Amino acid sequence: QVQLVESGGGLVQPGGSLRLSCAASSSISSSLSMRWYRQAPGNQRELVAAITSGGSTNVADSVKGRFTISRDNAKNTVYLQMNSLKPEDTAVYYCNAQFDFVQFWGQGTQVTVSS
């Protein structure tokens, strides 16, 4: 029954920035991890970034140094700050909440990086 709603996607130029938000319907503090995935047409769904309940973060090599994941437990919201965007970052970005034996997915938000 955990509902995740992404927002903040849109069209940006290469080199630009975008901040994605994932609002959860209930507490995310009990999750093992909150994650951002992305999937472009014809591509595999890719893990972009993750943040654990303890606050540890990790990002994919492809976005390291450009993307940052964070969370606000009081607001039940996870963020993905994306800087220095490249055309290859174009994809649908999905929020994911990982619990012990179940996970939940958001509907996704489109990010398009193009001039």
Side-chain angles (χ1 to χ4, degrees):
Q1 296 185 11
V2 177
Q3 191 171 27
L4 306 174
V5 180
E6 302 96 335
S7 63
L11 174 64
V12 296
Q13 295 184 350
S17 297
L18 207 59
R19 184 179 178 89
L20 304 184
S21 298
C22 172
S25 60
S26 60
S27 176
I28 61 172
S29 62
S30 61
S31 66
L32 293 178
S33 67
M34 300 295 297
R35 304 179 179 187
W36 285 98
Y37 288 80
R38 68 185 182 186
Q39 187 168 22
N43 290 0
Q44 294 267 326
R45 185 167 294 189
E46 174 189 21
L47 175 62
V48 177
I51 183 168
T52 69
S53 60
S56 298
T57 62
N58 193 31
V59 298
D61 289 340
S62 60
V63 303
K64 189 176 293 292
R66 300 187 297 118
F67 289 14
T68 303
I69 187 171
S70 62
R71 70 184 184 190
D72 186 336
N73 288 342
K75 296 181 178 179
N76 291 328
T77 301
V78 178
Y79 304 96
L80 184 67
Q81 179 66 47
M82 305 184 296
N83 299 324
S84 302
L85 284 162
K86 304 174 180 180
E88 50 263 45
D89 295 319
T90 296
V92 177
Y93 284 71
Y94 297 92
C95 182
N96 170 269
Q98 182 76 51
F99 295 88
D100 285 345
F101 301 104
V102 67
Q103 61 184 320
F104 301 90
W105 293 88
Q107 294 286 112
T109 185
Q110 177 71 49
V111 172
T112 302
V113 185
S114 176
S115 59

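None of these values were measured; they are calculated from a predicted model.
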### Residues that Arg35 engages under salt bridge (charged side-chain N to carboxylate O under 4.0 Å, His left out), provided they are two or more places apart
none

### Message
Nearest 0.5 angstrom please: Arg71 CZ to Thr52 OG1, how far?
### Response
6.5 Å

#### Entry: Qualifying ring-ring contact (aromatic ring centres under 6.0 Å, His included) pairs, either residue in residues 3-50, two or more places apart
Tyr37-Trp105

### Query
In Å, rounded to the nearest 0.5 Å, how long is the span from CG of Asn43 to CD of Glu88?
11.5 Å

### Message
Would Asp89 and Val63 count as a side chain to side chain contact (heavy atoms under 4.5 Å, CB included) here? Give the steps.
### Response
CA-CA 9 Å; Asp89 295 319; Val63 303; 4.3 Å; yes

### Query
Taking only residues two or more places apart in sequence, or in another chain, which ones meet Thr112 in a side-chain hydrogen bond (donor to acceptor under 3.5 Å, both in side chains)?
Gln110

### Qualifying ring-ring contact (aromatic ring centres under 6.0 Å, His included) pairs with a residue from residues 5-26, counting only residues at least two apart or across chains
none

### Message
Restricting to non-hydrogen atoms, name the atom on Thr90 and the atom on Val113 that form the minimum distance, rounded to 0.1 Å.
### Response
OG1-N, 2.9 Å

### Task
Output every pair passing ring-ring contact (aromatic ring centres under 6.0 Å, His included) with a member in residues 47-69, not counting sequence neighbours, ordered by first then second residue.
none

### Those residues that, when tested against Ser84, pass side-chain contact (heavy atoms from CB on, under 4.5 Å) (two or more places apart)
Arg66

#### Entry: Exercise: identify the closest heavy-atom pair between Ala40 and Ala91
N-CB, 3.8 Å

Side chains of residues 6-16: which donor-acceptor pairs under 3.5 Å do they make with residues two or more places apart or in other chains?
unit_1, atom_1, unit_2, atom_2, d
Glu6, OE1, Gln107, N, 3.0
Glu6, OE1, Gly108, N, 2.9
Glu6, OE2, Cys95, N, 2.7
Glu6, OE2, Gly108, N, 3.3

Do any side-chain atoms of residues 19-27 form donor-acceptor pairs under 3.5 angstrom with protein atoms, and if so which ones, sequence neighbours left out?
unit_1, atom_1, unit_2, atom_2, d
Arg19, NH1, Gln81, OE1, 3.3
Ser25, OG, Gln3, N, 2.9
Ser27, OG, Ser29, N, 3.2
Ser27, OG, Ser29, OG, 2.8

### Query
Atom OG in Ser30, atom CG in Asn73: separation rounded to 0.5 Å?
9.5 Å

### Query
So how far is it from Gln98 CD to Leu32 CG, rounded to the nearest 0.5 Å?
6.5 Å

### Query
What residues, two or more places apart in sequence or in another chain, satisfy salt bridge (charged side-chain N to carboxylate O under 4.0 Å, His left out) together with Glu46?
Arg38

### Query
For Thr68, what residues pass the side-chain hydrogen bond (donor to acceptor under 3.5 Å, both in side chains) criterion, not counting sequence neighbours?
none

### Task
Mind listing the closest non-hydrogen atom pair of Ala49 and Val59 along with its distance?
CB-CG1, 3.7 Å

### Task
Say whether Val5 and Leu80 are linked into one hydrophobic cluster, either directly or through other cluster members, by side-chain heavy-atom distances under 4.5 angstrom.
no

### Message
How long is the straight-line distance from CG of Asn58 back to CG of Leu47, given to the nearest 0.5 Å?
### Response
7.5 Å

### Query
What ring-ring contact (aromatic ring centres under 6.0 Å, His included) pairs are there with at least one residue in residues 71-99, not counting sequence neighbours?
Phe99-Phe104

### Message
With disulfide (SG to SG under 2.5 Å) as the rule and sequence neighbours excluded, what pairs involving residues 25-93 come up?
### Response
none

